[in-house]
Amino acid sequence: MAALKVLSVAVASGRAGYVYLQGTQLLDWGIAIKAVKTSNELVGFVQDLINQLQPDVVVTEKCGQGCRKGTRARNLIRAIAELASHNAVLDVSILRPRSFQSKYEEAEHLTRTHVELAGYLPRQKRRLFDFEPRGMIIFEALALAEAVTSGPPEHLSRATG
């Protein structure tokens with residue numbers, strides 16, 4: 001049986017990040033800034049990723065009760081989830097896993113298994129008044145993907161109905 005191909009997309013203020021996994025192997029990742037200006041641009045960007053990478057599953061954050069995203073980011077996430085539902089892929093929306101005290105601890109943990117992302121790891125934790133480093137969105141997308149691939153099978157079974 002072939003390994004599951006997962007495309008995970010995370011959206012934050014002014015940027016989107018994606019990771020593409022086949023099984024547990026990270027094959028592609030990136031950050032989009034210009035594509036996040038409008039939902040149409042982001043949907044076009046993600047559709048290009050789906051066409052090019054041909055994933056089995058597209059993962060987005062579930063914008064429910066515990067979601068900390070703003071209105072604009074929630075609308076962009078919904079647009080991606082809707083796009084995925086119109087393609088021949090499994091659309092999975094899950095709550096953002098929060099297994100660590102901070103995003104930075106989570107990013108450090110994720111770089112232990114995916115060393116190729118070490119360049120996106122911030123050199124120091126941000127201070128309260130600093131902007132979040134741009135590369136943190138990749139770790140958010142990776143956390144969503146890993147929650148589906150190595151998490152409980154309910155995530156996939158709920159999506160299949």
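For clarity, every value in this text was computed on a predicted model and none was experimentally measured. Values below: every heavy atom of this structure, side chains too, minus hydrogens, waters and symmetry copies. Residues: numbered from 1 along the sequence shown.
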Checklist line | Where Ile94 and Ala147 come nearest, the two heavy atoms and their spacing | finding: CD1-CB, 3.4 Å
Item checked: Closest heavy-atom pair and its distance - Gly17, Ile137 -> N-CG1, 3.4 Å
Check: Are side-chain N/O atoms of Gln47 and Asn87 paired as donor and acceptor at under 3.5 Å?
Finding: yes
Next item on the list: May I ask you to list the residues sharing a hydrophobic cluster with Phe100, side-chain cutoff 4.5 Å, ordered by chain and number?
Entry: none
Notebook entry, point to check: In terms of side-chain heavy atoms, does Arg72 have a donor or acceptor partner in Asn75 at a distance below 3.5 Å?
Noted result: no
Next item on the list: Any pair with a residue in residues 2-14 that passes side chain to side chain donor-acceptor pair (under 3.5 Å), sequence neighbours left out, goes on the list, sorted by first then second residue, please.
Entry: none
Note to self: Donor-acceptor check, side chain of Arg15 to backbone of Ala32, threshold 3.5 angstrom: yes or no?
What the structure shows: no
Notebook entry, point to check: Would the number of heavy atoms belonging to other residues, nucleotides or ligands and lying under 6.0 Å from CD of Gln101 be above 12?
Noted result: no
Margin query: Are there over 12 heavy-atom neighbours, none belonging to Glu82, within less than 6.0 Å of that residue's CD?
Written below: no
Check: Are any side-chain N or O atoms of Thr111 and backbone N or O atoms of His114, one a donor and one an acceptor, separated by less than 3.5 Å?
Finding: no
Note to self: Let me confirm one number: the CZ-SG distance from Arg78 to Cys63, rounded to the nearest 0.5 Å.
What the structure shows: 5.5 Å
Check: Say you draw a straight line from CG of Leu110 to OH of Tyr120; how long is it, rounded to the nearest 0.5 Å?
Finding: 14.5 Å
Next item on the list: Please examine the side chains of Val57 and Asp91, heavy atoms only from C-beta on, and report whether any two atoms are closer than 4.5 Å.
Entry: no
Margin query: For Phe139 versus Leu117, what's the shortest heavy-atom pair and its separation?
Written below: CZ-O, 3.6 Å
Notebook entry, point to check: Is the closest side-chain heavy-atom distance between Ser99 and Glu106 below 4.5 Å?
Noted result: no
Notebook entry, point to check: So how far is it from Leu4 CG to Leu90 CG, rounded to the nearest 0.5 Å?
Noted result: 8.0 Å
Next item on the list: Give the minimum heavy-atom separation between Ala81 and Thr60, together with the two atoms involved.
Entry: CB-OG1, 3.9 Å
Notebook entry, point to check: Taking the hydrophobic residues Ile, Leu, Val, Met, Phe, Trp and Tyr, and joining any pair whose side-chain heavy atoms are under 4.5 Å apart, which ones share a cluster with Leu7?
Noted result: Val9, Val11, Tyr18, Tyr20, Leu27, Val36, Leu42, Val43, Phe45, Val46, Leu49, Ile50, Leu53, Val58, Leu76, Ile77, Ile80, Leu83, Val89
Notebook entry, point to check: From Thr24 OG1 over to Glu146 CD, what is the distance, rounded to the nearest 0.5 angstrom?
Noted result: 8.5 Å
Notebook entry, point to check: In Å, rounded to the nearest 0.5 Å, how long is the span from CD of Glu116 to CD of Gln25?
Noted result: 8.0 Å
Item checked: Closest contact, heavy atoms only, Val6 versus Ala145 -> CG1-CB, 4.2 Å
Checklist line | Atom of Lys37, atom of Glu41 and distance for their closest heavy-atom approach | finding: CB-OE1, 3.1 Å
Check: Quick one: are Ile31 and Arg134 in side-chain contact, heavy atoms under 4.5 Å?
Finding: yes
Item checked: Nearest-0.5 Å distance that lies between atom CZ in Arg96 and atom CD in Glu140 -> 4.5 Å
